[in-house]
Amino acid sequence: MKYIEVALNLPLKMSFRYRVPTELAARVKIGSRVLVPFRNRNLKGFVTRERKKGERKLKDVIKLVDDFPAISRPLLRLGEWVSQYYHCSLGQSLHSMLPIQRSLKDKEKKVEGKKISCSGNLAQTSGGSVFLLMAEEPEEKISIFLSLTKDVLARGRQVVLVVPEVSYISSWNKLIQSEYGNCVAILHSRLKDRERYVSWMRMRREEAYFAIGTRCVLFAPFPDLGLIVLEEEENTSYKQREVPRYHAREVAARRGKIEGFPVVLMSQSPSLESWSRANKKEYLPISTRATRKAHPQVEIIDLRQEEDKVLSRSLEEAVKEALKGNELAILFLDRRGFSRYLLCQDCGEVLRCPNCNIGLTFHLKGALSCHYCGHEERSPLVCPYCTGNKLRGKGVGTQQVEKEAKTRFPGALIRRADLDIGPSLAGSALKDEVIKGKIDILIGTKLIIKEEILKEAKVVGIILADNLLNLPDFRAGERLFQLLVKIKRSIKKEGKMLIQTYNPTHYSLRCVRDREEDFYPQEMRAREELHYPPHFHWARVLLEGKVEARVTEASQRISQKLGEKGVEFLGPSPCPFAKIKGRYRYQLIVRDENPSRITGSLKGETGYSSSSTNAVRVSVDVDPQELM
DNA sequence: GGTTGGAAATTA
DNA sequence: AATTTCCAACCA
């Protein structure tokens, strides 16, 4: 008799054993999906191991779901790594790797021989390595991309291109189709069931040999994958917010290691993590020809010296100039949906946490708090740096920009685009309007920071850079730098970017204007002292529950345990969103230079999640991006 | 003795 | 995660 272990899509550490009825025995393999009885219902799960003996009476597998194993051996190994590193069950990680619920049917007799032959020729000098491609010019990036992929395809292997968001897919698809013909399969979460199924099957059958998609395309069922390329590797969308909370960059690298192929990260301004790894030769830089073309002018405007805190004189002049030449001007302001910060309009300083150096969150009752370590203080009446009395709560409602622009630039065609107007509308329709020149001044949030829109712009004004710089996030400076570099690289070469700020000497701004490469060593130094990544790995332990006392109690218990183990951690402190859907939320931040020590210290402290009506749910987010 | 609400155990 | 089991507190 044959027995198997099955991983179910439940937050349980254990797998369950079943007996395989004789008539199924030949077809049930490792990686197969099976339907099994569980409690009083039937669940689909993945076969993870085969066993000779069942030491007790086990239930029978009900049926085999698919005509073939849905998960290949290497992908099973990848799933095991994801579940270990990101603290979720194997069933949860495997479930997220297969975006299809229905049964997989295969009428044609697929040649299984090919898979075996591929494992022999994996040995390749670059197999398992990660490369970092920092191309200044988009044309150069594309030409390197094409030469790399051509090479892989010529050796009969397949290519995956991962992009941060769905909107990036169509232009890449056009490019790749025009180069290689109809060989592309597209995969992302917004596809309909049927489309996803067709795409997935085309990859498996090698009817397609090029896959483009968002995160989920990392698990493309190609039999002989030869290359994964990640576009805009610093993009924060690469971190999945739901379980399993994986980062596409890490998963790509791990798949490359398991299956022995190279991974290429592309970026105009890489994440500090990747820059640092490249510096340590963990990632290999791909050298580019130095074809730096003329850059647009960058001007930093000191708002402390300006009468008008919304539109400075220089920005007004620049916009007028653009209007005169019938060119597009963009005014960017990021609305911070939550949390405000306290800024001195005289000296430009911001109230920061003495322990963590992130902007303190300014609450309406006049309290200031740090959500990393839980530090709290009363908000002062005068600025502690210059004793001035112009401390102002900043962050929400910089909405007057549109009103201001209308009075300043009468007759101009002004368009405001943000989430209120609708994200779908802000997409292609807006792009069309921009290209046809139907807009003179475009006012918007991060939504409009798209290459297709920016490339039409002659002038871009950043209304208040401090909004981004003072986000309660240690990566705020890095994010601002990356955003500004992206704008600078995308707008017209003879254009101009004007940055309004109360902190004109900040290196995030200075480096955008003067020497971009100086940013990374400076930011590395800033992160070192406070044990921020990339020097240390972080994991967030999130506690949620309906009874606040229970949540704080549980967080105390965990912090005591961590203390006994001698692990370094911050908190517990209330999350930036302290209550969501009636659940109170607290967090602890565990940090260590070695990610496996973090995993070790958390083992046993938390289930993957335990839930009952009044209990506290504890979950772990390894290498978190935003702590909300 | 019986009901009840919440925590703990169980699921193969 | 979703139930079932366990157990102590409360009641008449």
Side-chain angles (χ1 to χ4, degrees), chain A residues 1-25 27-65 71 76 79-80 82-84 86-99 101 240-246 541-558 560-561 580-586 602-621:
Chain A
M1 218 15 133
K2 185 170 169 178
Y3 298 90
I4 53 170
E5 282 192 15
V6 177
L8 300 166
N9 181 25
L10 296 171
L12 303 174
K13 288 194 171 148
M14 54 183 349
S15 58
F16 293 87
R17 295 180 187 180
Y18 292 89
R19 193 174 69 164
V20 185
T22 340
E23 63 271 25
L24 290 177
R27 288 153 59 220
V28 170
K29 295 176 188 142
I30 287 178
S32 296
R33 274 197 301 181
V34 286
L35 189 70
V36 293
F38 190 78
R39 272 287 160 107
N40 49 357
R41 56 203 174 134
N42 298 332
L43 295 177
K44 280 176 196 167
F46 293 91
V47 178
T48 55
R49 295 180 71 174
E50 290 180 358
R51 309 202 144 247
K52 288 272 143 54
K53 280 190 176 157
E55 68 284 0
R56 57 171 167 141
K57 258 182 83 179
L58 296 174
K59 289 190 181 175
D60 274 3
V61 168
I62 296 170
K63 68 165 189 176
L64 189 60
V65 178
I71 297 266
L76 180 61
E80 282 166 351
V82 166
S83 83
Q84 266 181 33
Y86 292 104
H87 291 260
C88 68
S89 74
L90 182 55
Q92 288 174 307
S93 103
L94 294 177
H95 181 79
S96 75
M97 293 169 71
L98 186 76
Q101 285 311 300
Q240 178 145 6
R241 287 158 182 274
E242 312 82 57
V243 174
R245 300 187 165 87
Y246 65 86
V541 181
L542 178 67
L543 300 108
E544 297 169 290
K546 286 185 178 145
V547 185
E548 190 169 20
R550 298 268 162 98
V551 182
T552 49
E553 198 179 287
S555 68
Q556 289 305 327
R557 202 200 68 236
I558 290 181
Q560 199 192 330
K561 283 266 178 66
I580 293 178
K581 287 188 202 157
R583 283 172 186 270
Y584 291 89
R585 309 168 78 242
Y586 280 74
L602 292 175
K603 205 152 263 168
E605 293 312 326
T606 70
Y608 291 131
S609 116
S610 62
S611 124
S612 68
T613 39
N614 272 339
V616 179
R617 187 159 63 199
V618 183
S619 57
V620 181
D621 187 356

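As the structure is a computational prediction, the values presented were derived from the model and not from experiment. Letters go in sequence order (proteins before strands), and every chain restarts at 1.
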### Message
Rounded to whole Å, how long is the line connecting atom NZ of Lys13(A) with atom C1' of dT11(B)?
### Response
17 Å

### Query
What integer distance in Å separates Arg17(A):CZ from dT11(B):P?
14 Å

### Query
What nucleotide among dA1(C), dA7(B), dA12(B) has an atom nearest to a side-chain atom of Arg550(A)?
dA7(B)

### Task
Let me know the distance between CG of Asn40(A) and P of dT11(B), rounded to the nearest Å.
13 Å

### Query
Over how many whole Å does the gap from His95(A) atom NE2 to dA1(C) atom P extend?
13 Å

### Message
Is there a side-chain contact between Phe46(A) and Ile71(A) in this structure, where contact means two heavy atoms from C-beta onward sitting under 4.5 Å apart?
### Response
yes

#### Entry: Residue-phosphate contact under 4.0 Å: Arg41(A) side-chain N/O, dT11(B) OP1/OP2
no

## Note on the structure
Lys57(A) atom NZ is separated from dT11(B) atom P, nearest whole Å, by 14 Å

### Query
Leu43(A) has an atom CG; how far is it from atom C1' of dA2(C), in whole Å?
10 Å

### Atom-to-atom span, CZ of Phe16(A) to C1' of dT3(C) - whole angstrom
13 Å

### N/O donor-acceptor pair under 3.5 Å between Ser15(A) side chain and Ala7(A) backbone
no

### Atom-to-atom span, CG of Leu10(A) to P of dA12(B) - whole angstrom
12 Å

### Task
Go through the structure and list residues passing side-chain hydrogen bond (donor to acceptor under 3.5 Å, both in side chains) with Asn42(A), not counting sequence neighbours.
none

### salt bridge (charged side-chain N to carboxylate O under 4.0 Å, His left out) partners of Glu50(A), counting only residues at least two apart
Lys2(A)

### Task
Quick one: label Phe38(A) by what it contacts on the DNA or RNA (base, sugar-phosphate, nothing), any heavy atom closer than 4.0 Å.
base

